Protein chains: 2
Amino acid sequence: MSVKQALNLTPSFGSLKKHMQLTRYTDYGLRTLIYLALLPSGRRASIDEISKTYDISRNNVNKIVHQLGKAGIIETKRGKGGGFYLKKTPQELNIGELVVLLENTLQVVECTTPKCRILPACKLKVILGQATQAFLDSLKAYTLADLLEDESKALIQILNIQCD
Amino acid sequence: MSVKQALNLTPSFGSLKKHMQLTRYTDYGLRTLIYLALLPSGRRASIDEISKTYDISRNNVNKIVHQLGKAGIIETKRGKGGGFYLKKTPQELNIGELVVLLENTLQVVECTTPKCRILPACKLKVILGQATQAFLDSLKAYTLADLLEDESKALIQILNIQCD
DNA sequence: TATATAATACATTTAATATGCACCTTATAA
DNA sequence: TTATAAGGTGCATATTAAATGTATTATATA
């Protein structure tokens with residue numbers, strides 16, 4: 001009996017896996033929108049402010065803000081005194097659609113790298129596609145407003161948003 | 001106007017994202033099971049055979065076979081003339097359960113790296129958890145047998161499985 | 001007893017994401 | 001009108017996880 005057996009250790013597999021996750025980018029995007037939804041009307045946020053609040057790299061926030069701006073979800077303004085704010089109400093922002101926007105790849109299998117031999121007769125892709133759709137449909141039942149409900153006060157306090 | 005604007009190129013964002021995918025490991029695991037389901041009864045496959053058939057690294061197949069063996073899905077046998085075969089019928093092997101087995105992480109957000117500040121008041125985790133469940137429920141409607149239906153002959157030919 | 005096979009361990013490579021840094025563009029307030 | 005603060009863009013680097021590579025061990029059978 002080996003030492004490992006004697007110690008009843010689980011065998012190593014080199015790498016095990018992590019996946020089926022949204023990227024942090026998407027997570028950060030949603031958190032940014034939560035922050036914006038809590039801002040008093042008229043107030044703008046800055047990239048720096050979001051970056052510090054959530055301890056996210058400036059660069060990531062930069063990209064997120066730029067993308068949300070291009071998508072028409074927030075209004076961005078350059079220059080001194082600039083910043084950005086929600087262009088739509090939280091009720092209008094569907095979580096499913098936001099995830100589709102922020103997440104680059106929602107395809108669940110690749111089939112192409114390297115090209116899978118059984119592709120012509122493989123039903124897996126269809127079945128996994130359906131499952132992904134079910135995932136998104138589930139998210140589409142919610143809007144940004146649902147993420148805030150009953151929690152606005154707590155969130156405003158945690159995020160230290162000044163309401164004067 | 002810059003050259004890039006003039007050429008109407010999309011701006012670079014450093015990295016964009018890919019995710020929400022199952023690992024190849026899981027994909028390979030399912031393909032291995034498809035192969036085994038098509039074998040004539042009494043025949044065994046070997047790691048080498050699967051590895052060559054699908055052009056997957058031996059090591060990956062090795063891990064998959066080991067895991068499936070430990071899970072009681074296949075019977076593995078060492079030594080000369082050894083190999084492995086399905087211990088259950090394709091009808092008994094649920095795709096949703098197989099994905100849960102093969103995929104390590106099905107959690108959709110982390111919340112912990114670094115620890116998210118709004119965690120105590122955040123509903124995102126719950127909503128994403130529901131969506132993941134919807135994904136799995138969709139997969140649970142299928143078994144390995146469904147992946148073969150109407151395609152067995154085509155697959156046997158593509159995979160060059162000898163039925164003598 | 002030689003050989004073929006799975007089991008285990010660990011090292012290396014690859015690929016994707018996240019972050020860092022520099023600079024450009026734009027708007028405003030002093 | 002100019003300094004400054006903001007977002008926009010591009011590219012380089014670091015980090016991380018997955019995939020693969022290489023040995024070696026254990027086991028069964030011809």
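Bear in mind that the values here come from a model prediction, so they are computed numbers and not experimental data.
- Scanning for side chain to side chain donor-acceptor pair (under 3.5 Å) contacts around A:Y35 gives A:E49, with sequence neighbours left out.
- Distance from the side chain of A:N62 is smallest to D:dT9 among C:dA18, D:dT9, C:dT19.
- Regarding contacts with the backbone of C:dG20, every side-chain N or O of A:N59 stays at 4.0 angstrom or more from both OP1 and OP2.
- Within the structure, every side-chain polar atom (N or O) of A:N60 is placed at least 4.0 Å from both OP1 and OP2 of C:dA18.
- With sequence neighbours excluded, the residues forming a salt bridge (Lys or Arg N to Asp or Glu O under 4.0 Å) with A:R58 are A:D48, listed by chain and number.
- Under the side chain to side chain contact (heavy atoms under 4.5 Å, CB included) criterion, A:K87 pairs with A:E75, not counting sequence neighbours.
- Within a 6.0 Å radius of NZ in B:K125, no more than 12 heavy atoms belonging to other residues, nucleotides or ligands are found.
- Closest approach to the B:S46 side chain among C:dT19, C:dT5, C:dA7 is made by C:dT5 (side chain taken as heavy atoms from C-beta onward).
- Rounded to whole angstrom, the span from the CZ atom of A:R24 across to the C1' atom of D:dA17 amounts to 11 Å.
- Residues passing the side chain to side chain contact (heavy atoms under 4.5 Å, CB included) test with B:D27 are A:V109, A:L124, B:R31, sequence neighbours excluded.
- In this structure, CD1 of B:I47 is placed 11 Å from P of C:dT8, rounded to the nearest angstrom.
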Close N or O pairs between protein and nucleotides 27-30 of chain C (under 3.5 Å):
unit_1	atom_1	unit_2	atom_2	d
C:dA27	N3	A:K80	N	3.3
C:dT28	OP1	A:K77	NZ	2.3
C:dT28	O4'	A:K80	O	3.3

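- For A:T76, a side-chain nitrogen or oxygen approaches OP1 or OP2 of D:dG8 to under 4.0 Å.
- Here C:dA6 presents its C1' atom at 12 Å from CD of B:E75, a figure rounded to the nearest Å.
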Exercise answer: donor-acceptor pairs, residues 145-157 of chain A side-chain atoms, under 3.5 Å, sequence neighbours excluded:
unit_1	atom_1	unit_2	atom_2	d
A:D146	OD2	A:T143	N	2.8

